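Predicted model, so just to flag it, every value in this text is computed and none were measured. Reminder, nothing fancy here: chain letters follow the sequence lines and each chain counts from 1.
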Amino acid sequence: MLEKNFDPKTAEPRLYAAWEASGAFAPTSDPAAEPFSIVIPPPNVTGSLHIGHALNNTLQDVLTRFERMRGKAALWLPGTDHAGIATQMVVERQLAEAGNRSRRDMGREEFVAKVWEWKAESGGTITNQLRRLGASCDWSRERFTLDEGLSAAVRKVFVTLHKQKLIYRDKRLVNWDPHFQTAISDIEVEQREVEGAYYHFAYPLEDGSGEIVVATTRPETMLGDTAVAVNAKDPRYTHLIGRAVRLPIVNRPIPIIADDYADPEKGSGAVKITPAHDFNDYQVGKRNNLPLINIFDPQARLNENAPKEYQGLDRFAARKKVVAEFEALGLLREIEKTRHAVPHGDRSGVVIEPYLTDQWYVDAKTLAQPAIKAVEEGRTVLEPKNWEKTYFEWMRNIEPWCVSRQLWWGHRIPAWYGPDGRIFVEETEEAAKAAAREHYGHDEPLRQDEDVLDTWFSSGLWPFSTLGWPDKTADLARFYPTHTLVTGFDIIFYWVARMMMLGIHFTGGVPFKRVFFNALVRDAKGAKMSKSKGNVMDPLELVDSYGADALRFTLTAMSGQARDIKLSTQRIEGYRNFGTKLWNATRFTQMNGCARAEGFDPAQVKGVLNRWIVGETARAAQTVTAALEGCGFDEATNGLYRFIWNTYCDWYVELAKPLLNGADEAAKGETQATAAWVLDVILKLLHPVMPYITEELWNQTADLGAPRAQGMLITAPWPVLPSSLIDPAADAEIGLVIASVSEGRSVRAELNVPPSAKPALLVVEATPAQRQVFETNAAVIAQTLRVSEVRFEDAIPEGAIPFVVDGATLALPVAQFIDLAAERARLAKEIATHASDIAHVNKKLGNPAFVANAKEEVVEENRERLAESEAAKAKLEGALSRLEAAG
RNA sequence: GGGCGGCUAGCUCAGCUGGUCAGAGCACCUGGUUUACACCCAGGGGGUCGGGGGUUCGAACCCCUCGCCGCCCA
């Protein structure tokens with residue numbers, strides 16, 4: 001006998017260990033099995049599981065378990081990302097907290113060793129957390145972006161792209177993060193609205209004949225100004241073009257130039273030009289051959305190109321000083337408060353500076369073209385579809401991708417420099433040396449590029465590098481292209497786009513056939529979860545409190561939402577209860593001898609109730625299957641919930657009780673077998689979403705009746721049930737029983753008939769078919785409606801309360817309990833409902849245009865509905881008038 | 001400024017190709033020890049589907065427009 005409740009705390013670790021030990025997580029070796037593969041979005045190796053991971057990985061696990069049960073060679077390939085900036089940041093912080101030397105004092109080698117130490121220490125955390133969630137990843141294939149194989153893939157890709165001239169070195173403005181002292185890519189820059197000001201500065205004309213006013217939100221950049229631009233069409237300034245102003249503080253003459261970038265409508269119409277520290281100004285500088293003066297050092301302190309008294313000052317201190325000096329000089333014309341967007345590093349949170357450096361770039365424009373085409377042609381489908389627009393928009397306007405980072409944790413760029421600065425890009429140092437020897441005619445000392453690659457460079461190779469590329473492995477042949485990628489839309493550019501570009505370029509095939517973008521999880525109020533807000537929900541705490549299944553079901557059920565999921569513990573609790581409900585339903589069947597029958601064939605069951613539940617089971621299986629095939633996760637869970645709780649527990653089990661306790665041994669036996677069969681199907685259908693409780697129940701019911709062909713549920717075959725199992729006659733019959741019982745209960749409740757009272761149920765008017773139904777189901781109705789018997793009468797007896805179900809008139813003789821007022825109210829309410837329905841339908845049918853234009857079946861449907869309502873209303877009105885007469 | 005998503009019962013959300021589509025869960029109210037389950041059972045109240053306009057015989061669903069809320073890109 002089952003315990004009273006499922007205990008996730010003890011069962012989950014036990015079951016997970018059993019699955020893992022059984023080898024079920026690895027794809028079947030059956031060569032005939034169709035492959036189904038998913039690569040995990042690799043979490044940061046030193047990270048820990050947050051609720052977003054929980055959602056993302058639950059969905060992947062649902063798909064993987066589903067396809068595994070469907071007999072496919074299902075591979076969910078796990079792994080972690082070295083997460084360059086993020087990990088380096090964590091380790092640096094730890095060093096600082098421990099009072100250690102800084103990374104620069106420590107040196108590269110020692111620091112990187114420290115990071116590996118930290119990886120060894122904390123690297124297993126998140127994968128163990130995934131196990132707790134129930135993730136059925138094939139851990140034997142686990143990869144890490146910095147492991148040897150993946151590093152080789154990175155070098156190969158870099159070198160190949162370089163030889164194809166799709167990677168090149170260039171000196172241009174980059175987004176410079178002064179905190180990490182590295183370049184970052186465009187998408188790592190976050191625009192944040194901040195309070196700021198336009199400072200209006202007057203630049204005196206060189207000849208002292210006047211001034212020109214320019215405005216800026218970054219006053220300190222004026223120290224690097226090399227021109228003032230005006231629009232050639234702006235009559236206020238045409239006469240000044242070609243002349244010069246004397247740059248205050250710096251005391252340097254700079255030209256007044258004409259350039260369309262100056263917008264006469266904006267501010268004074270004149271703009272200061274700082275080509276080395278502004279992306280727009282850089283273009284202006286290029287067009288006009290202006291000198292570039294870099295005024296910052298890597299930490300964004302003023303360098304030797306600034307006036308003496310500014311050198312070494314932080315940029316924000318310099319800003320204050322510049323403003324103060326302008327004021328002192330009498331050249332500060334205005335300070336205009338404003339809110340404006342300022343670029344910030346998404347990791348460091350500090351203000352980004354455009355900064356002139358040498359970096360490595362990927363020609364994304366070229367790589368993007370086939371990636372755009374692949375989605376246009378549907379070789380990769382993005383779900384929900386509307387993300388394709390976002391994808392196209394970004395891909396069609398893509399900029400060169402800056403892939404070098406001035407960090408130490410990551411893949412070191414495979415480029416070596418000769419003494420004369422010549423670059424040798426090769427997969428190994430030996431190859432670079434050989435190339436150098438070839439070039440110079442003798443050995444020369446080479447120096448490897450200090451920089452590492454953007455983390456997303458290696459994750460961009462993930463779908464094929466993890467399968468063994470560049471080697472032609474069996475896994476690569478079998479599992480690439482992968483089937484579905486499940487990820488958050490927040491990394492569509494960072495990751496999905498890059499995988500598309502690199503995957504197609506290097507393998508010729510798309511990396512995945514389908515991308516499913518899951519929603520973002522927010523707190524119950526809809527706010528983004530963040531540590532600073534203190535509204536973070538720890539998935540592991542939720543697993544502790546409610547079990548992994550409840551959390552999984554909740555996340556799956558809510559993942560239909562377009563953008564956000566507002567997660568509340570109430571919801572999780574509700575689904576925990578759902579699990580308990582199933583647990584107890586199983587307990588019930590166990591207590592009632594429901595055991596699998598040898599050779600049970602659902603198509604052969606005789607009893608109408610059993611035929612009905614077999615049909616409902618087939619419907620449920622079809623719904624869930626179709627939903628999961630199409631990533632309709634909410635549809636799948638809602639279907640399961642309704643079928644299991646409302647259909648199976650509330651009706652089938654209740655209606656089956658008389659049969660299970662009855663004297664008809666044949667009917668009892670069939671019902672026991674059917675109940676057991678349905679339960680097995682339920683466990684299978686629910687398993688992908690709630691793997692633990694279903695596996696446990698599967699296990700606990702293993703000894704009941706005929707043995708199952710298969711061992712664990714995780715690898716049991718998915719139910720495929722044909723529509724032929726649906727019996728319309730059984731549907732109609734049980735439908736009438738359910739409607740009668742529901743309506744009867746409603747009448748009892750409204751009239752305050754005591755629950756202990758057991759009147760008879762009178763069938764007064766019914767078609768012969770309906771009478772047959774009431775006859776054969778009398779026992780069932782008696783028990784569920786709590787009536788003494790079902791009896792046929794020719795007329796409604798004095799004091800009996802009538803109600804109408806499917807056109808049949810039923811009545812409950814409960815004169816002794818009748819509250820006249822309550823009954824009158826009840827009848828009046830029912831009549832009113834019908835009356836409004838009749839009015840509604842009449843209005844439609846009375847409209848000749850409706851009858852003329854609407855589809856025939858719609859018109860017919862309305863006619864039937866009208867007739868039904870009118871009949872019911874008439875009967876109830878008769879009852880009401882009798883009541884009035886009697887009263 | 002451009003794009004996207006949302007605005008349906010007190011709360012969180014379903015409502016797929018216009019015609020029982022006005023729903024579910026939670027919350028609330030009433031009743032219940034029917035030996036699977038109080039993490040339960042039965043019953044009930046509650047919404048002019050953000051505003052306005054249009055298309056249509058018919059619109060929560062299609063079109064236009066306005067208003068909020070959120071996200072992304074400039």
Side-chain angles (χ1 to χ4, degrees), chain A residues 1-2 4-6 186-187 189-191 341 384 386-390 392-394 397 489-490 492-493 519-520 522 524-528 546-547 550 554 557-558 560-592 594 626-627 630 632 634-635 637-638 641-642 645-646 649-650 653-654 657 660-661 741-756 758 782-786 829 837 840-841 843-855 857-859 861-862 864-865 868-869:
Chain A
M1 176 58 61
L2 286 171
K4 203 164 175 189
N5 281 311
F6 176 57
D186 296 341
I187 51 177
V189 176
E190 230 170 68
Q191 299 294 335
N386 51 281
W387 288 107
E388 293 189 352
K389 189 163 184 167
T390 306
F392 286 138
E393 194 58 27
W394 192 71
N397 297 295
F489 54 78
D490 50 332
I492 183 170
F493 306 141
L520 241 49
R522 294 166 184 279
K525 294 193 189 85
K528 205 166 176 168
Y546 304 101
T554 308
M558 302 185 83
Q561 271 125 275
R563 291 282 186 129
D564 308 331
I565 291 181
K566 290 177 196 143
L567 190 63
S568 73
T569 51
Q570 269 191 339
R571 193 87 183 226
I572 305 172
E573 203 179 317
Y575 290 130
R576 186 268 321 266
N577 297 351
F578 170 66
T580 306
K581 183 74 181 177
L582 173 64
W583 184 267
N584 279 294
T586 308
R587 235 174 132 238
F588 171 84
T589 56
Q590 220 179 28
M591 288 170 164
N592 284 275
C594 299
D634 55 335
E635 219 180 310
T637 50
N638 289 338
Y641 188 94
R642 258 196 280 276
W645 199 315
N646 303 120
C649 294
D650 288 349
V653 168
E654 290 307 317
K657 279 177 181 173
L660 293 169
N661 295 322
V741 171
S742 296
E743 199 52 40
R745 281 173 177 165
S746 181
V747 169
R748 291 183 66 129
E750 278 183 67
L751 296 181
N752 300 315
V753 176
S756 54
K758 283 192 155 194
Q783 172 146 342
T784 40
L785 184 53
R786 297 185 62 66
K829 192 183 106 192
D837 199 39
H840 184 70
V841 179
K843 198 179 151 199
K844 270 192 185 176
L845 292 170
N847 181 350
F850 171 73
V851 180
N853 296 328
K855 278 181 290 189
E857 62 259 38
V858 173
V859 177
E861 217 174 84
N862 275 279
E864 278 169 18
R865 189 168 145 199
E868 235 168 73
S869 277

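When the C1' atom is used for both B:C68 and B:A22, the distance is 24 Å, rounded to whole Å. When the C1' atom is used for both B:G1 and B:U8, the distance is 32 Å, rounded to whole Å. Going from the P atom of B:C64 to that of B:A24 covers 33 Å, rounded to whole Å. Remark: the separation of the C1' atoms in B:C26 and B:G18 is 31 Å, to the nearest Å. The separation of B:G47 from B:G10, taken at their C1' atoms, amounts to 11 Å, rounded to a whole angstrom. Comparing B:C71 with B:U55, their P atoms sit 38 Å apart, to the nearest whole Å. Look at the C1' atom in both B:G15 and B:C57: the space between them is 24 Å, to the nearest Å. Nucleotides B:G67 and B:G51 have their P atoms positioned 15 Å apart, rounded to a whole Å.
Residues forming a side chain to side chain donor-acceptor pair (under 3.5 Å) with A:Arg587 (at least two apart in sequence, or on another chain): none. Partners of A:Glu190 according to the side chain to side chain donor-acceptor pair (under 3.5 Å) rule, which considers only residues two or more places apart in sequence or in another chain, are A:Arg192. For the side chain to side chain contact (heavy atoms under 4.5 Å, CB included) test, no residue two or more places apart in sequence or in another chain qualifies with A:Glu861. Evaluation of the side chain to side chain donor-acceptor pair (under 3.5 Å) rule for A:Lys657 yields A:Glu654 as partners, not counting sequence neighbours. Remark: A:Ser869 pairs with A:Asp837 by the side chain to side chain donor-acceptor pair (under 3.5 Å) rule, at least two apart or across chains. Every residue meeting the side chain to side chain contact (heavy atoms under 4.5 Å, CB included) condition with A:Thr569, not counting sequence neighbours, appears here in chain and number order: A:Met537, A:Leu542, A:Tyr546. Checked against side chain to side chain contact (heavy atoms under 4.5 Å, CB included), A:Glu635 has the following partners two or more places apart in sequence or in another chain: A:Ala627. Among residues two or more places apart in sequence or in another chain, the salt bridge (charged side-chain N to carboxylate O under 4.0 Å, His left out) test is passed with A:Glu868 by none. Residues that satisfy the ring pair (Phe, Tyr, Trp, His ring centres under 6.0 Å) test with A:Tyr641, not counting sequence neighbours, are A:Tyr575, A:Phe578, A:Trp645.
Across B:A36, B:U20, B:G5, the shortest atom-to-atom separation from the side chain of A:Lys657 is found for B:A36. The side chain of A:Arg786 sits closest to B:U34 out of B:U12, B:U34, B:C73. Among B:U20, B:C57, B:A36, the nucleotide with an atom closest to any side-chain atom of A:Glu861 is B:U20. With B:C4, B:C57, B:A36 as the candidates, the nucleotide lying closest to the side chain of A:Asn386 is B:C4.
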(message) Each nucleotide in nucleotides 22-27 of chain B should get exactly one letter: B, S or -. Can you fill that in based on protein heavy atoms under 4.0 Å?
(response) ----SS
(request) Sugar-phosphate means primed atoms, P, OP1 and OP2; the rest is base. With that split, encode nucleotides 42-49 of chain B 5' to 3' as B, S or - using protein heavy atoms under 4.0 Å. (result) SSSS----
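Going from atom CE of A:Met558 over to atom C1' of B:G6 covers 15 Å, rounded to whole Å. The distance from atom NZ of A:Lys4 to atom P of B:U35 is 12 Å, rounded to the nearest whole Å. For the pair A:Ile492 CD1 and B:C71 C1', the computed distance is 13 Å after rounding to whole Å. When rounded to the nearest whole Å, the span between CZ of A:Arg587 and C1' of B:C37 equals 8 Å. When rounded to the nearest whole Å, the span between CG of A:Asn752 and P of B:G32 equals 11 Å. In this structure, A:Leu785 atom CG and B:C41 atom C1' are separated by 14 Å, rounded to whole Å. When rounded to the nearest whole Å, the span between CZ of A:Arg748 and P of B:U34 equals 13 Å. To the nearest angstrom, P of B:U35 lies 19 Å from CD of A:Gln590.
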(request) Using the side chain to side chain contact (heavy atoms under 4.5 Å, CB included) rule, take A:Asn584 and A:Cys649 through it: C-alpha gap first, then chi angles, then the decisive distance, then the call. (result) CA-CA 9 Å; A:Asn584 279 294; A:Cys649 294; over 6 Å; no
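Between A:Glu868 and A:Met591, the residue whose closest nucleotide on RNA chain B is further toward the 5' end is A:Glu868. Nearest-nucleotide mapping onto RNA chain B: of A:Ala854 and A:Asn638, the residue sitting toward the 5' end is A:Asn638.
Nearest heavy atom pair, residue A:Asn646 against residue A:Asp650, reads O-CB, 3.1 Å. Looking at every heavy atom in both residues, A:Ile572 comes nearest to A:Thr554 through CA-OG1, 3.3 Å. Residues A:Trp387 and A:Ile492 share a closest heavy-atom pair of O-CD1, 4.0 Å.
The side chain of A:Asn577 places no N or O atom within less than 4.0 Å of a non-bridging phosphate oxygen (OP1 or OP2) of B:C39. Between A:Lys389 and B:C73, a side-chain N or O to OP1/OP2 separation shorter than 4.0 Å is absent.
For A:Glu654 against B:A36, a side-chain-to-base donor-acceptor contact under 3.5 Å is present. Between the base of B:C37 and the side chain of A:Lys581 there is a donor-acceptor pair shorter than 3.5 Å.
Within the nucleic acid shown, A:Val859 has no heavy atom closer than 4.0 Å to any nucleic acid atom.
Counting only Watson-Crick and G-U wobble pairs whose two distances sit under 3.5 Å, RNA chain B takes part in these stems of three or more pairs: B:1-7 with B:67-73, B:10-13 with B:23-26, B:28-32 with B:40-44, B:50-54 with B:62-66.
A:Arg576 places no side-chain N or O within donor-acceptor distance of the main-chain N or O of A:Gly547, the cut-off being under 3.5 Å.
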